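Read through the structure below, which is laid out as structure tokens, and then see the notes.
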Amino acid sequence: MTSVPTGPASASSALGGRSRAGRVARLFFVVEPPQAPTPETVTTSRPSPATALNGGPFGPTPMSATSAASHNLSPAFPGRAPWGTASKLRAWQQGAMDKYIQEQPRDFLAVATPGAGKTTFALTLASWLLHHHVVQQVTVVAPTEHLKKQWAEAAARIGIKLDPEYSAGPVGKDYHGVAVTYAGVGVRPMLHRNRSEQRKTLVILDEIHHAGDSKSWGEACLEAFEPATRRLALTGTPFRSDTNPIPFVTYEEGNDGIRRSAADYTYGYGNALADHVVRPVIFLSYSGQMRWRTKAGDEIAARLGEPMTKDAVSQAWRTALDPRGEWMPSVLQAADKRLTEVRKAIPDAGALVIASDQESARAYAKLIREITGSKATLVLSDDTGASKRIDDFSASDDRWMVAVRMVSEGVDVPRLAVGVYATTISTPLFFAQAVGRFVRSRRRGETASVFLPTVPDLLTFANEMEKERDHALDKPKKQGEEDPYAESEKEMDEANKQQDEDTGEQEQFSFEALESEAVFDRVLYDGAEFGMQAHPGSEEEQDYLGIPGLLEPEQVQLLLQKRQARQIAHSRKKPDAEADLLELPAERRPVVSHKEMMELRKKLNTMVSAYVHQSGKPHGVIHTELRRVCGGPPSAEATAGQLRQRIEKVQEWATRMR
């Protein structure tokens, strides 16, 4: 038995005592304009979540708000519903609702992969809490101006009116609450605290990890919403690079002594993929020879993907993204061919280039126009004009949009199916956010394609799409151990800035890009790698660009295996003199970092030293024998695959002698 506050009799009659037999489950509750609170409470058995969503003991609920909009619904899966307003709950959303209604917590953290439908879940819960008078108003806090307006529009479709222009003073009588940004809360925390104290408030904290972007934002959120009746935190990427605690998130200490964020409900990318809620992502990686001049005047040439120092990787990467070279035009042309193929199955499919800055974005838009003959939508900053351009692009069937890096999380265009990652940000958080723009599934069988430079960190992130991370407050570091998140904080601060200002990056890493070329390197899908290197425009490249845009995940895997087998067979027929690229499949060409190569060489030398004591043979003799048996150059020049093969061989010899 639990006490649930109720409103006057009119609210009860709106829900009605009608029979549920033969009726379709209705998702959203009719929400009347805010009324003065009533002291009346009714003690009743807590209804089951399913019963509550179907009208519970009060009977089925009208859905006039969604019915009125049903003729203009966009084709968003499931039920052709607009953003945040699906006509029925997915299994994970129902499960999260079940848990919330059963436990009635004050704080609830829901972690769901981008595209899974966090907004639908949140608005469903808001509707339930408003109608049962658990709360009287709603405050939504979003990372950007664009997302703030999207929340207000989505809520309005189901009868919850949020004011996205609220800045101060009382809220209009016709509104059920407000939609604001974290930056706005940071400026006036006491304004929102007063609102939370005056009326029972549900606070929805969208992408809650942003509340830790700065100490002031986190403190402002704590001050503003500490009095709130209920707080619902949402995120698709519940990890940060720093150790700033995220407000209203519970941290639990693990066996290793590290405190990590604990979600109340988690729905990861792997689960969503298995449920056909999100699209599987095909990553197409491009390598190529780069040449640049350093600040000291030295000219350096290197191939993307080969082991290099961290600085060299950064400079080769920036050389590839220089619009004056050949790499970017070649990759954009390949991405446009892929888009053409995808649009055969998804006629309105769109593509997005995520650029680092305004200058690059303008240059990429110009290249796209030269390649396609059509103008690309250009989004340079997260202002009112940019928001309208995103909306216009979303509603059109235009092919291309170019956006600066900080827009990646604010862009919500379900028809985006092809992406080009043209920024040098290499944090797992930003990468997950960026790829999340392409995974929203509207019909079963849709796939997403993302084009990447062959950079070790990015390929690692691509292969770990299904890995679930939590925010850790403690990051112990052993001597000499590099923390992959150690440099993320600065980069994420840069990426999430509200202006596209010059960050001084050019001065810090002064160099001149001289020339670049692109080579198709590999396809990454579901943790596996496929393909052999191929020149842009070749039949071998087209084999992968021409993969149908509508396939089941198992079909994608099978098709990639067949394409690779065909490539290998074709390569064997080619005379050796014509082989100007590395004639090996991707799985035999692992992309590793400079540090990983040093570790492999160290491990090989350690194994050889142990075998020296076991066999009595000199080091040189063993290394020579390994080269004879396994093939390849000396250890200093050997590839990662060759080093691993030699390590396995010397382990095999050592085992035989025991």
Side-chain angles (χ1 to χ4, degrees), residues 282-292 301-306 313 315-343 350-356 359-376 399-402 417-424 434 438 448-455 458-459 462 512-524 529-547 563 567 578-583 586 589 591:
I282 301 169
F283 293 98
L284 298 101
S285 171
Y286 279 71
S287 178
Q289 193 72 18
M290 308 294 145
R291 191 166 67 87
W292 66 92
R303 179 173 291 275
L304 269 183
E306 68 183 20
V313 169
Q315 291 168 354
W317 189 352
R318 289 176 60 200
T319 300
L321 299 184
D322 190 321
R324 296 166 295 182
E326 293 300 319
W327 194 91
M328 273 304 298
S330 297
V331 171
L332 287 174
Q333 191 156 27
D336 190 66
K337 289 179 181 177
R338 177 67 188 144
L339 179 60
T340 297
E341 181 63 40
V342 171
R343 284 171 76 105
L352 169 67
V353 181
I354 299 177
S356 293
E359 184 180 354
S360 297
R362 289 192 182 99
Y364 297 156
K366 184 179 178 182
L367 286 173
I368 289 170
R369 184 159 194 167
E370 292 171 358
I371 292 168
T372 67
S374 300
K375 187 177 179 180
R399 292 173 68 91
W400 280 94
M401 176 163 65
V402 182
V418 175
V420 178
Y421 194 88
T423 174
T424 53
F438 308 98
S449 304
V450 177
F451 289 73
L452 304 169
T454 302
V455 173
L458 297 187
L459 301 195
E512 179 187 1
L514 298 177
E515 62 180 353
S516 63
E517 65 172 16
V519 170
F520 171 78
D521 190 46
R522 68 192 65 213
V523 172
L524 298 92
E529 300 183 9
F530 306 87
M532 299 172 67
Q533 291 188 336
H535 290 291
S538 65
E539 290 183 11
E540 289 82 4
E541 180 197 43
Q542 187 57 39
D543 262 358
Y544 295 98
L545 300 180
I547 292 172
R563 298 285 164 96
Q567 237 187 335
E578 295 180 16
D580 58 342
L581 297 173
L582 196 57
E583 300 281 318
R589 296 182 287 108
V591 176

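Everything numeric in this text was worked out from a predicted model, so none of it was measured.
Between P329 and I371, the shortest heavy-atom distance links the atoms O-CD1, 3.7 Å. Considering every non-hydrogen atom in both L304 and A320, the closest pair reads CD1-CB, 3.8 Å. Counting all heavy atoms, side chain and backbone alike, W400 lies closest to A335 at CH2-CB, 3.7 Å. Considering all non-hydrogen atoms of both residues, L524 and A462 come closest at CD2-CB, 4.3 Å. Considering every non-hydrogen atom in both G325 and S516, the closest pair reads CA-OG, 3.5 Å. For the pair V519 and P536, the tightest heavy-atom approach, listed with the atom from each and the gap, is CA-CD, 4.4 Å.
Two residues are said to be in side-chain contact when any heavy atoms from C-beta on lie closer than 4.5 Å; R399 and T340 meet this criterion. With a 4.5 Å cut-off on side-chain heavy atoms, S360 and L321 do not count as touching. Under the 4.5 Å side-chain criterion, counting only non-hydrogen atoms from C-beta, L458 is in contact with W317. Looking at Q542 and K337, their side chains come closer than 4.5 Å, going by heavy atoms from C-beta outward. Counting only heavy atoms from C-beta outward, the side chains of V420 and L332 approach each other to under 4.5 Å. For the pair V402/R362, no side-chain contact is recorded, criterion being any heavy-atom separation below 4.5 Å from C-beta on.
Relative orientation of the Y544 and F520 rings is parallel, given thresholds of 30° and 60° on the angle between their planes.
Distance check, rounded to the nearest 0.5 Å: CD of E517 to OG1 of T319 gives 12.5 Å. Note: Q333 CD to E541 CD = 8.5 Å, rounded to the nearest 0.5 Å. Rounded to the nearest 0.5 angstrom, E512 CD and Q315 CD are separated by 12.5 Å. With values rounded to the nearest 0.5 angstrom, R318 atom CZ is found 7.0 Å from T424 atom OG1. Interatomic distance, CD1 of I547 versus CG of L284, reported as 7.0 Å (0.5 Å rounding). To the nearest 0.5 Å, the span separating CG on D336 from CD1 on I368 amounts to 8.0 Å.
With 3.5 Å as the limit, one finds a donor-acceptor pair spanning the side chains of T454 and D521. When only modelled atom types and interatomic distance are considered, R522 and S287 share no side-chain donor-acceptor pair under 3.5 Å.
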Would you check, one step at a time, whether the test side-chain contact (heavy atoms from CB on, under 4.5 Å) holds for M328 with Y364?
CA-CA 8 Å; M328 273 304 298; Y364 297 156; 3.6 Å; yes
side-chain contact (heavy atoms from CB on, under 4.5 Å) between M290 and W327: does it pass, once the steps are laid out?
CA-CA 9 Å; M290 308 294 145; W327 194 91; 3.4 Å; yes
List the steps and the verdict of side-chain contact (heavy atoms from CB on, under 4.5 Å) for V523 and R563.
CA-CA 11 Å; V523 172; R563 298 285 164 96; over 6 Å; no
Residue pair L545, E341: steps toward the side-chain contact (heavy atoms from CB on, under 4.5 Å) verdict
CA-CA 8 Å; L545 300 180; E341 181 63 40; over 6 Å; no
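Under a cut-off of 6.0 angstrom, the local environment of CD in E370 is crowded, with over 12 non-hydrogen atoms contributed by other residues, nucleotides or ligands.
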